[in-house]
Amino acid sequence: MRVLFMCTANSCRSILSEALFNHLAPQGFEAVSSGSFPKGQVLPRSLSTLQQAGISIDGLSSKGNDAFEDNPPDIVITVCDKAAGESCPVYFGPALKSHWGLEDPSDVQGDEAAIDAAFRATLAHIERRCKAFLDLPFNRLSRDQLKTALDAIGAL
(Lines give C-alpha, C1' and ligand atoms only; values in the text may rest on other atoms or scores of the structure.)
Protein backbone atom coordinates (compact mmCIF):
# COMPACT_ATOMS: atom_id res chain seq x y z
CA MET A 1 0.00 0.00 0.00
CA ARG A 2 1.38 3.38 -1.02
CA VAL A 3 0.47 6.46 1.03
CA LEU A 4 1.11 9.99 -0.21
CA PHE A 5 1.38 12.74 2.41
CA MET A 6 0.66 16.10 0.80
CA CYS A 7 1.31 19.60 2.04
CA THR A 8 1.91 22.97 0.48
CA ALA A 9 5.71 23.32 0.41
CA ASN A 10 6.68 19.68 1.02
CA SER A 11 9.42 20.85 3.33
CA CYS A 12 8.11 20.10 6.82
CA ARG A 13 4.84 18.35 7.80
CA SER A 14 4.58 16.05 4.80
CA ILE A 15 8.31 15.24 5.00
CA LEU A 16 8.04 14.43 8.72
CA SER A 17 5.02 12.23 7.95
CA GLU A 18 6.73 10.38 5.10
CA ALA A 19 9.86 9.64 7.12
CA LEU A 20 8.07 8.60 10.31
CA PHE A 21 5.54 6.42 8.48
CA ASN A 22 8.34 4.60 6.66
CA HIS A 23 10.23 4.23 9.94
CA LEU A 24 7.25 2.45 11.50
CA ALA A 25 5.76 0.66 8.50
CA PRO A 26 6.03 -3.08 7.93
CA GLN A 27 6.90 -4.54 4.55
CA GLY A 28 4.22 -3.83 1.97
CA PHE A 29 3.61 -0.26 3.15
CA GLU A 30 5.39 2.78 1.74
CA ALA A 31 4.98 6.50 2.24
CA VAL A 32 5.98 9.28 -0.13
CA SER A 33 5.32 13.00 0.04
CA SER A 34 4.73 15.96 -2.23
CA GLY A 35 3.66 19.58 -2.21
CA SER A 36 1.20 21.66 -4.18
CA PHE A 37 3.84 24.42 -4.32
CA PRO A 38 7.06 22.61 -3.37
CA LYS A 39 9.78 24.69 -1.78
CA GLY A 40 12.45 22.64 -3.53
CA GLN A 41 14.32 21.89 -0.32
CA VAL A 42 13.49 20.27 2.99
CA LEU A 43 13.73 22.54 6.03
CA PRO A 44 16.97 21.77 7.89
CA ARG A 45 15.05 21.65 11.19
CA SER A 46 12.77 18.95 9.75
CA LEU A 47 15.84 16.85 8.98
CA SER A 48 17.52 17.48 12.33
CA THR A 49 14.28 16.65 14.19
CA LEU A 50 14.08 13.32 12.36
CA GLN A 51 17.75 12.55 12.99
CA GLN A 52 17.42 13.34 16.70
CA ALA A 53 14.51 10.86 16.82
CA GLY A 54 16.63 8.17 15.16
CA ILE A 55 14.67 8.28 11.89
CA SER A 56 16.43 8.00 8.54
CA ILE A 57 16.47 11.06 6.29
CA ASP A 58 17.84 9.18 3.28
CA GLY A 59 16.05 10.05 0.06
CA LEU A 60 13.90 12.83 1.49
CA SER A 61 13.35 15.69 -0.94
CA SER A 62 10.84 18.43 -1.65
CA LYS A 63 8.89 17.62 -4.80
CA GLY A 64 5.65 18.43 -6.58
CA ASN A 65 2.61 16.27 -7.12
CA ASP A 66 3.63 15.57 -10.71
CA ALA A 67 6.36 13.27 -9.36
CA PHE A 68 3.65 10.63 -8.83
CA GLU A 69 1.58 10.97 -12.00
CA ASP A 70 2.91 7.69 -13.39
CA ASN A 71 2.82 5.86 -10.04
CA PRO A 72 -0.23 7.11 -8.13
CA PRO A 73 -0.74 6.33 -4.46
CA ASP A 74 -3.46 4.19 -2.93
CA ILE A 75 -4.16 6.76 -0.22
CA VAL A 76 -3.63 10.53 -0.19
CA ILE A 77 -3.43 12.27 3.19
CA THR A 78 -3.24 16.05 3.31
CA VAL A 79 -1.54 17.48 6.38
CA CYS A 80 -1.78 21.26 5.99
CA ASP A 81 -3.98 22.82 8.65
CA LYS A 82 -4.43 26.39 7.46
CA ALA A 83 -7.26 25.62 5.05
CA ALA A 84 -8.05 29.27 4.40
CA GLY A 85 -4.44 30.27 3.83
CA GLU A 86 -2.99 27.32 1.95
CA SER A 87 -3.78 25.49 -1.21
CA CYS A 88 -3.77 21.81 -0.37
CA PRO A 89 -5.19 19.95 -3.35
CA VAL A 90 -6.76 16.57 -2.92
CA TYR A 91 -6.72 14.52 -6.09
CA PHE A 92 -5.01 11.52 -7.66
CA GLY A 93 -8.00 9.87 -9.21
CA PRO A 94 -9.26 6.77 -7.41
CA ALA A 95 -6.93 7.14 -4.42
CA LEU A 96 -8.69 7.21 -1.06
CA LYS A 97 -8.39 10.69 0.41
CA SER A 98 -8.29 11.96 3.98
CA HIS A 99 -7.17 15.08 5.84
CA TRP A 100 -4.93 14.92 8.91
CA GLY A 101 -4.43 18.61 9.63
CA LEU A 102 -1.30 19.65 11.49
CA GLU A 103 -0.20 23.08 12.62
CA ASP A 104 3.00 24.11 10.89
CA PRO A 105 5.86 24.01 13.42
CA SER A 106 7.95 26.18 11.10
CA ASP A 107 5.52 29.03 11.84
CA VAL A 108 6.34 28.96 15.56
CA GLN A 109 8.04 32.11 16.81
CA GLY A 110 10.37 32.14 19.77
CA ASP A 111 13.73 30.90 20.88
CA GLU A 112 15.43 27.76 19.62
CA ALA A 113 14.01 25.67 22.47
CA ALA A 114 10.43 26.70 21.65
CA ILE A 115 10.87 25.96 17.96
CA ASP A 116 12.53 22.59 18.67
CA ALA A 117 9.67 21.74 21.03
CA ALA A 118 7.12 22.55 18.31
CA PHE A 119 8.86 20.25 15.82
CA ARG A 120 9.11 17.43 18.38
CA ALA A 121 5.42 17.85 19.29
CA THR A 122 4.44 17.68 15.62
CA LEU A 123 6.51 14.53 15.15
CA ALA A 124 4.85 12.96 18.22
CA HIS A 125 1.42 13.83 16.80
CA ILE A 126 2.33 12.23 13.48
CA GLU A 127 3.60 9.15 15.31
CA ARG A 128 0.27 8.64 17.10
CA ARG A 129 -1.58 8.88 13.80
CA CYS A 130 0.79 6.59 11.91
CA LYS A 131 0.59 3.94 14.63
CA ALA A 132 -3.22 4.14 14.57
CA PHE A 133 -3.12 3.80 10.77
CA LEU A 134 -0.83 0.78 10.88
CA ASP A 135 -3.03 -0.86 13.54
CA LEU A 136 -6.07 -0.85 11.22
CA PRO A 137 -7.40 -4.28 10.15
CA PHE A 138 -7.01 -3.54 6.42
CA ASN A 139 -8.08 -7.00 5.29
CA ARG A 140 -11.45 -6.59 7.05
CA LEU A 141 -12.29 -3.02 6.05
CA SER A 142 -14.32 -2.00 3.05
CA ARG A 143 -13.25 1.13 1.18
CA ASP A 144 -15.93 3.17 2.97
CA GLN A 145 -14.93 1.77 6.36
CA LEU A 146 -11.27 2.56 5.65
CA LYS A 147 -12.19 6.14 4.69
CA THR A 148 -14.14 6.52 7.96
CA ALA A 149 -11.21 5.12 9.94
CA LEU A 150 -8.72 7.39 8.22
CA ASP A 151 -10.87 10.44 8.89
CA ALA A 152 -11.15 9.43 12.55
CA ILE A 153 -7.37 9.16 12.79
CA GLY A 154 -7.15 12.69 11.41
CA ALA A 155 -9.14 13.86 14.43
CA LEU A 156 -6.62 12.36 16.89
Side-chain angles (χ1 to χ4, degrees), residues 1-68 71 73-92 95-136 147 149-156:
M1 177 177 295
R2 191 164 204 226
V3 179
L4 171 65
F5 288 98
M6 286 180 63
C7 202
T8 304
N10 189 219
S11 63
C12 184
R13 294 164 287 179
S14 54
I15 292 287
L16 295 172
S17 298
E18 172 188 1
L20 185 54
F21 185 95
N22 285 332
H23 180 74
L24 298 172
Q27 188 171 347
F29 288 84
E30 175 197 20
V32 291
S33 67
S34 71
S36 50
F37 298 98
K39 191 173 234 169
Q41 69 178 45
V42 177
L43 290 178
R45 194 171 306 263
S46 296
L47 298 175
S48 63
T49 300
L50 290 166
Q51 288 177 311
Q52 289 166 9
I55 298 169
S56 174
I57 61 168
D58 293 344
L60 295 176
S61 66
S62 177
K63 59 209 150 301
N65 300 326
D66 57 343
F68 304 103
N71 190 9
D74 301 299
I75 296 173
V76 175
I77 299 173
T78 54
V79 293
C80 35
D81 200 29
K82 295 185 282 183
E86 294 185 11
S87 172
C88 214
V90 178
Y91 56 92
F92 281 100
L96 197 58
K97 299 153 186 89
S98 189
H99 179 68
W100 293 1
L102 293 164
E103 292 181 26
D104 190 345
S106 67
D107 287 343
V108 170
Q109 301 293 314
D111 61 17
E112 293 296 309
I115 296 168
D116 282 342
F119 272 80
R120 284 192 309 274
T122 299
L123 193 64
H125 199 160
I126 293 166
E127 182 174 16
R128 285 190 301 275
R129 289 177 172 174
C130 288
K131 285 181 175 180
F133 177 98
L134 293 167
D135 283 343
L136 292 173
K147 167 70 171 142
L150 291 173
D151 290 347
I153 290 169
L156 294 176

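Quick note: residue numbers are just sequence positions, from 1.
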With sequence neighbours excluded, give me every side chain to side chain donor-acceptor pair (under 3.5 Å) pair touching residues 119-135.
His125-Arg129, Glu127-Lys131
Would you find more than 12 non-hydrogen atoms of other residues, nucleotides or ligands less than 6.0 Å from Lys147 atom NZ?
yes
Check whether any side-chain heavy atom of Met6 sits under 4.5 Å from a side-chain heavy atom of Ser14, and report yes or no.
no
Can a side-chain donor-acceptor contact be found between Ser98 and Asp151 if the only test is distance below 3.5 angstrom?
yes
Is the closest side-chain heavy-atom distance between Ile126 and Val79 below 4.5 Å?
no
Check for a donor-acceptor pair, side chain of Trp100 on one end and backbone N or O of Leu150 on the other, with a separation under 3.5 Å.
yes
Within the distance-only criterion (no hydrogens, no angle test), does the side chain of Ser62 pair as donor or acceptor with the backbone N or O of Gly40 below 3.5 angstrom?
yes
Closest heavy-atom pair and its distance - Ala114, Val108
O-CG1, 4.1 Å
Measuring only between side-chain heavy atoms, which start at C-beta, is Ile55 closer than 4.5 Å to Leu123?
yes
Atom CZ of Phe5 and atom CG of Leu102: how far apart are they, to the nearest 0.5 Å?
9.5 Å
How far apart are the C-alpha atoms of Val32 and Asn71, what are their side-chain angles, what is the distance that settles it, and do they pass the side chain to side chain contact (heavy atoms under 4.5 Å, CB included) test?
CA-CA 11 Å; Val32 291; Asn71 190 9; over 6 Å; no
With a 4.5 Å limit on heavy-atom distance, are the side chains of Ser17 and Ser33 in contact?
no
Between CG on residue Leu16 and CD1 on residue Ile57, distance to nearest 0.5 Å
11.5 Å
Side chain to side chain donor-acceptor pair (under 3.5 Å) pairs, two or more places apart, involving residues 19-30:
Arg2-Glu30
Point-to-point distance, once rounded to the nearest 0.5 Å, from CE of Met1 to CG of Leu134
9.5 Å
Sequence neighbours left out, what pairs pass side chain to side chain donor-acceptor pair (under 3.5 Å) with at least one residue falling in residues 43-52?
Arg45-Glu112, Arg45-Asp116
Taking all heavy atoms of Leu60 and all of Ser56, pick out the closest pair and write down the distance.
CD1-O, 4.2 Å
Side-chain touch Asp74/Leu96, heavy atoms, less than 4.5 angstrom:
no
Distance check, rounded to the nearest 0.5 Å: Leu43 atom CG versus Ser106 atom OG?
5.5 Å
Quick one: CZ on Phe133 to CG on Leu24, what's the gap to the nearest 0.5 Å?
11.5 Å
In Å, rounded to the nearest 0.5 Å, how long is the span from CD1 of Ile75 to NZ of Lys97?
11.0 Å
Would you call Thr8 and Asp104 a side-chain contact if the rule is heavy atoms closer than 4.5 Å?
no
Candidate list Val42, Asn65, Ile15, test side chain to side chain contact (heavy atoms under 4.5 Å, CB included), partner Asn10, passing option:
Ile15
Nearest heavy atoms of Ala31 and Glu18, plus distance in Å
O-CG, 3.6 Å
